[in-house]
Amino acid sequence: MTQFSFLLSLAILATQAVAFPQIQSLGGLSARELEDILPRLNAVTPPPPPGASNDTAVRLVNDKAHPYMPLRPGDIRGPCPGLNTLASHGYLPRNGIVTPTQIINAVQDGFGMDVEDAMVLAYSTMLVDGNVVTNLMSIGGKSPLTGPDPPKPAIVGGLNTHAVFEGDASITRQDFFFGDNHSFNPKLFSQFVDFSNKFGDGFYNLTVASELRFQRIQQGIATNPQFALLSPRFSTVYGEAAFPLVFFVDGRKADGKLSVKDALGFFRDSRMPDGFHRTDLSKSADAVKNFTGAIFAAHPTQPGKNNGTVNSYIVDPNTPGLNDLCGLYENFVNNIIVSLYPNPQGVLRDNLKANLNFFFGPFEGCTQLFPYGQ
Ligand code: HEM
Ligand SMILES: *[C@@H]1O[C@H](CO)[C@@H](O)[C@H](O)[C@H]1NC(C)=O
Ligand SMILES: *[C@@H]1O[C@H](CO)[C@@H](O)[C@H](O)[C@H]1NC(C)=O
Ligand SMILES: *[C@@H]1O[C@H](CO)[C@@H](O)[C@H](O)[C@H]1NC(C)=O
Ligand SMILES: *[C@@H]1O[C@H](CO)[C@@H](O)[C@H](O)[C@H]1NC(C)=O
Ligand SMILES: *[C@@H]1O[C@H](CO)[C@@H](O)[C@H](O)[C@H]1NC(C)=O
């Protein structure tokens, strides 16, 4: 080994040792592991949420300042076609390593999502899948940047983390049980095309969204012994079926009809059509709410899970229903966050408190919970 390559490999090792935990979730780590990792992190104080954009107009977003660019080695993409597309057009950092503030700004600017929905998604994801000490998270899978796996039950893969956000019954992604759980799945996309042809004359519309959402749930119950639809996944499956009707349809049209060609661009290629205009931000929250409710109402399914064998779906009466926002908030804080972080100390505790406080913003009217003190 030359002196140069020796120094180079030392440098790479050093980068890995330091880089490894910076974007990895600290949820589920033991007190001992935290003691070891925390001093090596670049701790930052989480900034307050950026707030609502004052620019809600329908607007060209696939513009000169935001061209599509293919992935470079090391760039990360994940289970969310919305965030993937924002990264591939430069609304988010193209490497896929992001902060909640960047997400909240990017989904407003690039897609016209309203600030409250953006905050709920961004802070809940940060709290579970992000590194709350460095204030960074990955929009995707485990990558060389996320380093070696920590011992279980630590959370490894950014947004791919199973059972909290990433979950079963995705429209174009396979259930966790069947392996690769974040990549675009061509077979599932053929089913998307079949349903769009059968129920929507070649478009993904509300009828297609309702039928396909139900189909994916039934497929899960019939084929996946571990199939689960519990909070918060139970509500995100309906919202995610509605998002394409609102955000992937050109805002000048806004007719809730997504062509199969444009859908393939977003879901597979993380790419906006040429000349794509985002939707009207002042109407998008209502549109999402209306579509979500209609998709659920077409085939109401109760939250529940299989018991380890297929076709054994049992309803879980403790999971809050779709419209029980305060129940969702409470379940998230009291069950999910507290079990991931039973006894946080120091900067970890401070940053959890800050993120929980930002997360509560959109739940104004519910009772705020303070598991780590006020
Ligand atoms: C605001 C922050 C957002 C976060 C943190 C987020 C996160 C996620 C995650 C974790 C999933 C995977 C769930 C799963 O299917 O297992 C997902 C799916 C999805 N997201 Fe997002 N998302 C965000 C915003 C958006 C936006 C703005 C759009 C649309 C423009 C979008 C569209 C979708 C769609 C369509 C799916 C379902 C994919 C499928 O079922 O195949 N998301 N998102
Ligand atoms: C939004 O606010 C910024 C900064 O205050 C301002 O420059 C911009 O013109 C405003 N845009 C609209 C559409 O009001
Ligand atoms: C889910 O995807 C991740 C990332 O590709 C992979 O490491 C993991 O093994 C997958 N899960 C299963 C059950 O195969
Ligand atoms: C979806 O498209 C089909 C075929 O054109 C149509 O029959 C159906 O009414 C549409 N659904 C909605 C909700 O508009
Ligand atoms: C949502 O539904 C309500 C009640 O039916 C209706 O008044 C409103 O116009 C709808 N909004 C959108 C954006 O679809
Ligand atoms: C799971 O449910 C099936 C069907 O309802 C039942 O036959 C089986 O005994 C249950 N298994 C367990 C482990 O509870």
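Positions are given from 1 along the sequence. Every number for a ligand or one of its atoms is a count from 1 in the order of the listing.
In the vicinity of A287, heavy-atom distances shorter than 4.0 Å reach the ligand 5 atoms 13 (C). Residue-ligand proximity, N290 to ligand 5, at heavy-atom distances under 4.0 Å covers atoms 1 (C), 2 (O), 3 (C), 8 (C), 10 (C), 11 (N), 12 (C), 14 (O).
Aromatic ring orientation, F189 versus F267: tilted (interplanar angle from 30° to 60°). Aromatic ring orientation, F111 versus F276: perpendicular (interplanar angle above 60°, classes split at 30° and 60°).
Aromatic ring centroids of Y329 and F360 lie under 6.0 Å apart. For F332 and F359, the distance between ring centers is under 6.0 angstrom.
Note: the hydrophobic cluster containing F178 does not contain L188 (ILVMFWY, side chain heavy atoms under 4.5 Å, direct or indirect links).
Using a 4.0 Å cut-off between charged nitrogen and carboxylate oxygen, D255 and K257 do not count as a salt-bridge pair.
For ligand 2, one of its N or O atoms has an N or O atom of N54 under 3.5 Å away.
Ordered by chain and residue number, the residues placing a heavy atom less than 4.0 Å from ligand 6 are N307, T309, S312.
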- request: Could you walk me through whether S88 and R77 pass the side-chain hydrogen bond (donor to acceptor under 3.5 Å, both in side chains) test, one step at a time?
  value: CA-CA 9 Å; S88 287; R77 297 294 177 267; 3.1 Å; yes

